[in-house]
Amino acid sequence: MNQCAKNWKDYEVLDTGNKEKLERWNSIILRRPDPVCVWPIDPKNPDWNKADAIYHRSKSGGGHWETIKEIKEFWTIGYRGLRFKISPTGFKHTGLFPEQAANWDFMMDTIENAKRDDLRILNLFAYTGGATMACAKAGANEVVHVDASKGMVQWAKENMHLSHLENHKIRFIVDDVVKFVKREQRRGRTYHGIILDPPSYGRGPKQELWKLEDQIYDLLAECQKLLDKEALFLIVNCYTTGFTLSALQEILKRTIQKEKGGHIECGENLLPVTHNQGILPCGVFGRWTGD
């Protein structure tokens, strides 16, 4: 089951090709690398000449932004009453993954339809907090936001203020995700929803090594122990090249479904592309829902 984030107004993929994507973030147009886009660019599409900034990769790693037109250091975009800070970073990212809006829709609708005032949500590898803000706005009683990067957690706090969610119970924690999950088990804590958006490779605040294919099975096996007996969902995203839908589905079956029952769905995260009505693949997701 694939899912496409079709409800954006402030964001748009204008075109793709030659391992690049052309995106509109509110009124700013950015041109960034994307290795998935192996097809050629349509030379007749004039939008490629409208970029305000272009990211160039370096042969030695990393890269830099070439500014074509003067743009602000940061600006904001909105989605379903939420607002997010957008800022081009030195690693080509902007602070938001727009394809995740399809997951936000699912979480928000699930939380709203549950009509409960005691829901606890855990967001792991939480980045700048798109899912955190979505769950808080939808009515979760508490959202726990965990990321190893102090800078990303600070960015998430800015998004909280931009979205006027200061009066909601959001706990921001800078920590290694694996260690945090183990501690929550010892505390006897449970959650009604868990979100995981792990990188392919990374390090914790104390240089703890994370490599998705080596650790995702064990992490999901530990996370299922934190699911409340009345849990609603667990969602995991994967951007790792070569990590298949079938592998993710099998991991979810052997960890969460084995212990909790429920249902599993896996698919690709997609974004619509305006030119030629194409699509942009953006990794895979797996979703467990309770009975």
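When a residue number appears, it is its place in the shown sequence, counting from 1. Scope of the values below: all heavy atoms of this structure, side chains included, with no hydrogens, waters or symmetry mates.
Residues Phe97 and Ile195 fall into different hydrophobic clusters, defined by Ile, Leu, Val, Met, Phe, Trp and Tyr side chains chained together at heavy-atom separations under 4.5 Å. Val13 and Ile41 fall into different hydrophobic clusters, where Ile, Leu, Val, Met, Phe, Trp and Tyr are joined by side-chain heavy atoms under 4.5 Å apart, directly or via other members. Follow the hydrophobic side-chain contacts under 4.5 Å out from Ile77 and you never reach Leu22; the two are in separate clusters. Note: the hydrophobic cluster containing Leu248 also contains Ile194 (ILVMFWY, side chain heavy atoms under 4.5 Å, direct or indirect links). The same ILVMFWY cluster, assembled from side-chain heavy atoms under 4.5 Å apart, contains both Ile71 and Tyr11.
Listed by first then second residue, pairs satisfying salt bridge (Lys or Arg N to Asp or Glu O under 4.0 Å) with a partner in residues 259-270 read Glu265-Arg287, not counting sequence neighbours. For residues 55-79, every residue pair satisfying the ring pair (Phe, Tyr, Trp, His ring centres under 6.0 Å) rule, not counting sequence neighbours, is listed here: Trp8-Tyr79, Tyr55-Trp65, His56-His64, Tyr79-Trp104. Among pairs with a residue in residues 258-291, none fulfils ring pair (Phe, Tyr, Trp, His ring centres under 6.0 Å), at least two apart in sequence or across chains. The salt bridge (Lys or Arg N to Asp or Glu O under 4.0 Å) contacts involving residues 233-244 comprise nothing, where partners must be two or more places apart or lie in separate chains. A ring pair (Phe, Tyr, Trp, His ring centres under 6.0 Å) check over residues 151-177, counting only residues at least two apart or in different chains, returns the pairs His145-Phe172.
Annotation: the span from Leu280 atom CG to Leu270 atom CG amounts to 8.0 Å, rounded to 0.5 Å. Rounding to the nearest 0.5 Å places CG of Leu124 at 9.5 Å from CG of Asp147. We find the CE-CG distance between Met152 and Asn159 to be 10.5 Å, quoted to the nearest 0.5 Å. Expressed to the nearest 0.5 Å, how far NZ of Lys157 lies from CG of Leu162 amounts to 14.5 Å. The CG atom of Asn45 lies 8.0 Å from the CG atom of Leu14; values are rounded to the nearest 0.5 Å. Between atom CD of residue Glu250 and atom CD1 of residue Ile264 there is a gap of 9.0 Å, rounded to the nearest 0.5 Å.
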Problem set entry | Verdict with reasoning, Ile121 to Val144, per side chain to side chain contact (heavy atoms under 4.5 Å, CB included) | CA-CA 6 Å; Ile121 308 296; Val144 179; over 6 Å; no
Exercise. Checking side chain to side chain contact (heavy atoms under 4.5 Å, CB included) for the pair Cys223/Leu122: CA distance, chi angles, key distance, verdict?
Worked result: CA-CA 10 Å; Cys223 282; Leu122 175 61; 5.9 Å; no
For this session: Please test Phe180 against Val177 for side chain to side chain contact (heavy atoms under 4.5 Å, CB included), starting from the C-alpha separation and ending with a verdict.
Result: CA-CA 5 Å; Phe180 178 82; Val177 162; 5.7 Å; no
Exercise. Does the pair Thr274 and Glu12 meet the rule for a side chain to side chain donor-acceptor pair (under 3.5 Å), with working shown?
Worked result: CA-CA 7 Å; Thr274 301; Glu12 179 184 8; 2.5 Å; yes
Problem set entry | Worked verdict on Leu119 versus Ile111 for side chain to side chain contact (heavy atoms under 4.5 Å, CB included) | CA-CA 8 Å; Leu119 296 179; Ile111 291 169; 4.0 Å; yes
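With contacts defined as side-chain heavy-atom distances shorter than 4.5 Å, the pair Val174/Ser149 does not qualify. Two residues are said to be in side-chain contact when any heavy atoms from C-beta on lie closer than 4.5 Å; Ile86 and Asn26 fail this criterion. Between Phe243 and Ile216 the shortest side-chain heavy-atom distance falls below 4.5 Å. Between Cys135 and Asn123 the shortest side-chain heavy-atom distance does not fall below 4.5 Å. Looking at heavy atoms from C-beta onward, Phe125 lies in side-chain contact with Leu219 at the 4.5 angstrom threshold. When side chains are defined from C-beta on, Met160 counts as touching Ile170, because their heavy atoms get closer than 4.5 Å.
A salt bridge links Glu142 and Arg189; the closest N-O separation between the charged side-chain nitrogens and carboxylate oxygens is under 4.0 Å. Under 4.0 Å is where a charged nitrogen must lie from a carboxylate oxygen, and between Arg24 and Asp15 no such pair does.
Of all heavy-atom pairs spanning Ala5 and Ala102, the tightest one is CB-N, 3.9 Å. Residues Asn141 and Lys169 approach most closely at O-CB, 3.3 Å, considering heavy atoms.
Legend: residues meeting side chain to side chain donor-acceptor pair (under 3.5 Å) with Gln154, ordered by chain and number and at least two apart, are absent. Applying the side chain to side chain donor-acceptor pair (under 3.5 Å) criterion to Gln257, with sequence neighbours excluded, gives no partner residue. Residues forming a side chain to side chain donor-acceptor pair (under 3.5 Å) with Lys50 (at least two apart in sequence, or on another chain): Asp47. Lys225 meets the side chain to side chain donor-acceptor pair (under 3.5 Å) test with Glu222; sequence neighbours excluded. Shown here are the salt bridge (charged side-chain N to carboxylate O under 4.0 Å, His left out) partners of Lys137, two or more places apart in sequence or in another chain: there are none.
Looking at Pro281, Cys4, Cys282 one by one, the single match for side chain to side chain contact (heavy atoms under 4.5 Å, CB included) with Leu271 turns out to be Cys282.
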Show me the side-chain donor-acceptor pairs of residues 228-239 shorter than 3.5 Å, one per line, residues at least two apart or across chains.
| residue | atom | partner | partner atom | Å |
| --- | --- | --- | --- | --- |
| Asp228 | OD1 | Arg120 | NH2 | 3.3 |
| Asp228 | OD1 | Thr190 | OG1 | 2.8 |
| Asp228 | OD2 | Glu230 | N | 2.9 |
| Glu230 | OE1 | Arg116 | NH1 | 3.4 |
| Glu230 | OE1 | Arg116 | NH2 | 3.0 |
| Asn237 | OD1 | Gln100 | NE2 | 3.2 |
| Asn237 | OD1 | Asn103 | ND2 | 3.0 |
| Asn237 | OD1 | Asn269 | ND2 | 3.2 |
| Asn237 | ND2 | Gln100 | OE1 | 3.1 |
| Tyr239 | OH | Glu99 | OE2 | 3.0 |
| Tyr239 | OH | Gln100 | NE2 | 3.0 |

For a quick test of your reading: what N or O donor-acceptor pairs under 3.5 Å do the side chains of residues 28-39 make, sequence neighbours left out?
| residue | atom | partner | partner atom | Å |
| --- | --- | --- | --- | --- |
| Arg31 | NE | Glu20 | OE1 | 3.1 |
| Arg31 | NE | Glu20 | OE2 | 3.2 |
| Arg31 | NH2 | Glu20 | OE1 | 2.9 |
| Arg32 | NE | Glu23 | OE1 | 2.7 |
| Arg32 | NH1 | Lys92 | O | 3.0 |
| Arg32 | NH2 | Glu23 | OE1 | 3.0 |
| Arg32 | NH2 | Glu23 | OE2 | 2.9 |
| Asp34 | OD1 | Val36 | N | 3.1 |
| Asp34 | OD2 | Lys21 | NZ | 3.3 |
| Trp39 | NE1 | Thr16 | O | 3.4 |
| Trp39 | NE1 | Thr16 | OG1 | 2.9 |

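Side-chain N/O atoms of Ser163 and Arg83 include no donor and acceptor closer than 3.5 Å.
A distance-only check finds no donor-acceptor pair linking the side chain of Asn276 to the backbone of Gly278 [under 3.5 Å]. Looking only at distances, no side-chain donor or acceptor of Ser58 sits under 3.5 Å from a matching main-chain atom of Gly62.
The 12-atom threshold is exceeded at CD of Glu166, counting heavy atoms of other residues, nucleotides or ligands nearer than 6.0 Å.
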